[in-house]
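The block underneath contains the structure these notes are about, expressed in structure tokens.
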There are 2 protein chains.
Amino acid sequence: MNAEKVPDIIIGRLPVYLRALQRLSERGIQTTSSQELGEIVGISAAQIRKDISQFGEFGKQGTGYAIPFLIERLRDIMNVNKVWDVVIVGMGDMGHALARYNGFSERGFRVSMVFDNDPQKIGQKVGELEIYDIASMTEKLKQNKIRIAMLTVPATSAQEMADQLIKAGVKAILNYAPISLNVPSGVRVQYIDPVTHLQRMTYYLD
Amino acid sequence: MNAEKVPDIIIGRLPVYLRALQRLSERGIQTTSSQELGEIVGISAAQIRKDISQFGEFGKQGTGYAIPFLIERLRDIMNVNKVWDVVIVGMGDMGHALARYNGFSERGFRVSMVFDNDPQKIGQKVGELEIYDIASMTEKLKQNKIRIAMLTVPATSAQEMADQLIKAGVKAILNYAPISLNVPSGVRVQYIDPVTHLQRMTYYLD
DNA sequence: TAGATTGTTAATCGATTAACAATC
DNA sequence: TAGATTGTTAATCGATTAACAATC
């Protein structure tokens, strides 16, 4: 699709554009401009045009972008024009909250399995899902060709769990444990740690 | 403290350094080098030295950085050498999970109040905390001089709640709602949306 | 047609890396 | 002393912005 390699920093902005476009679409709006979209997401119009133009000519001079069309293109580009099965490892409070979150399905993801190693939890239900034993995880992930996992275990076992996930074929980890993971190239990690996010802001507070 | 304005991208890496240093410290390690720290967090040694040197000369040639000392300096710089009171707005699953998370206190934050507008929830307890009515939020935030909030309400009411928080004096918002917030300059926002994080990775999956 | 807005180029700005003297 | 590693400079690399011809 794209001859040149697109910088990761641009890839990181696409989901934000998509999210904003979907909100506009929900409100019945059919068209937008780089100017308008930029004001919504807090990014310059020039940058938005440049980002989008990496992938094709999706706009029209004079009128801007057709929202449903641009949404489809972005979903294609990001590979979310299908539903990805994801698993959750660690059924503490955070794992439970994610398992019950209903914002995944409408945006391309489905929580298909959840795991824990606590005998008290194994076999319990979280919504529709039964909590499986981590001991059976490698096998189940391979069987179901799972590529994406969310990691919500304590920091002390996060690296070990990540290693297991990777051995089982996982290529993308959303890590909620407050620790930097060591992973081989070819495996992607995104970090969600509320404390680092908060600390990034307190620098600016007196 | 620092004459030159430090780029925000550097500020964003400091919490990651701090987190790694604290893990080393827990393991009883007293000293580290830019090389070693870089391998842990996945950042080049040169960049780590450059980032740290923005704020002073905290290392020693030949031996590296004294971990407890560097931790103290970073905590000073980031303003987390004291405990910040934070509030949570929206007591759904995510709000509950955050309210019960015990990783805040040891890293400079304390959840001091939680709010919801559901009569069923108001007055209930979450751990030690009573859920307060959002109607009383402005008043309570002003009384307690709250500067930081975590926003875990549905996307549809997130902007409205953010506006209220800002009116009440909040200067930093950690936004869990899947929507870009519009805020005046002087107010900081950090975004946590598992779906955008996942979408950022699916681009690279086949 | 007149007005609006794209896609793209060139210029600017900023961030990262490589290299090394200083020094513990 | 010899080896290790910092702090910093200069070079490189990459990202953002400004500007505008093209065109709807």
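Side chains are part of it too, since the values below use all heavy atoms of this structure and drop only hydrogens, waters and symmetry mates. Letters A, B, ... mirror the listed sequences (proteins, then strands); counts begin at 1.
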Next on the checklist: Parallel, tilted or perpendicular, judged at 30° and 60°: which one describes the rings of B/Tyr132 and B/Phe115?
Outcome noted: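 Tilted.
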Checklist entry - So what's C/dA11 paired with, Watson-Crick or G-U wobble, going by both distances under 3.5 Å? => result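 When the pairing criteria are applied, D/dT16 turns out to be the nucleotide that pairs with C/dA11.
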Checklist entry - Across all strands shown, which nucleotide pairs with D/dA22 by Watson-Crick or G-U wobble geometry, both distances under 3.5 Å? => result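 Pair assignment: D/dA22 / C/dT5.
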Taking only side-chain N and O atoms of [X], does any of them lie within less than 4.0 angstrom of OP1 or OP2 on [N]?
| X | N | result |
| --- | --- | --- |
| A/Arg49 | C/dT6 | yes |
| A/Ser44 | D/dT17 | yes |
| A/Arg13 | D/dT16 | yes |
| B/Tyr65 | D/dG7 | yes |
| B/Ser34 | D/dT6 | yes |

Item to check | Six-ring centre of B/Phe104, B/Arg107 cation under 6.0 angstrom, axis tolerance 45° | outcome: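 Verdict for B/Phe104: no cation-pi partner in B/Arg107.
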[N] [atom2] sits how many Å from [X] [atom1], rounded?
| X | N | atom1 | atom2 | result |
| --- | --- | --- | --- | --- |
| A/Phe55 | C/dG7 | CZ | C1' | 15 Å |
| A/Phe69 | C/dT6 | CZ | C1' | 14 Å |
| B/Gln54 | D/dT9 | CD | P | 12 Å |
| A/Ile52 | C/dG7 | CD1 | P | 8 Å |
| A/Ile10 | D/dA15 | CD1 | P | 7 Å |
| B/Ile43 | C/dT17 | CD1 | C1' | 14 Å |
| A/Leu70 | C/dT5 | CG | P | 16 Å |
| B/Gln61 | C/dA21 | CD | P | 14 Å |

Next on the checklist: Side chains of A/Gln35 and A/Glu39: any donor to acceptor distance under 3.5 Å?
Outcome noted: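 On atom types as modelled, these side chains qualify, holding a pair under 3.5 Å.
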Checklist entry - Of the nucleotides C/dT5, D/dG7, C/dA18, which one has an atom closest to the side chain of A/Ser33? => result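 The answer is C/dT5, which lies nearest to the side chain.
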Item to check | Nearest to side-chain heavy atoms of B/Pro7, which nucleotide of D/dA18, D/dT8, C/dA15 | outcome: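 Looking only at side-chain atoms, B/Pro7 lies closest to C/dA15.
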Checklist entry - Starting at the 5' end of DNA chain D, which residue's closest nucleotide do you reach first, B/Lys50 or B/Ala45? => result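 Closest to the 5' end, via its nearest nucleotide, is B/Ala45.
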Checklist entry - Does any non-hydrogen side-chain atom of A/Thr196 lie less than 4.5 Å from one of A/Tyr191? => result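 Result no, sub-4.5 Å side-chain heavy-atom pair not found.
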Item to check | Close side-chain approach of B/Leu205 to A/Trp84, heavy-atom, < 4.5 Å | outcome: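 Yes; the side chains approach each other to less than 4.5 Å.
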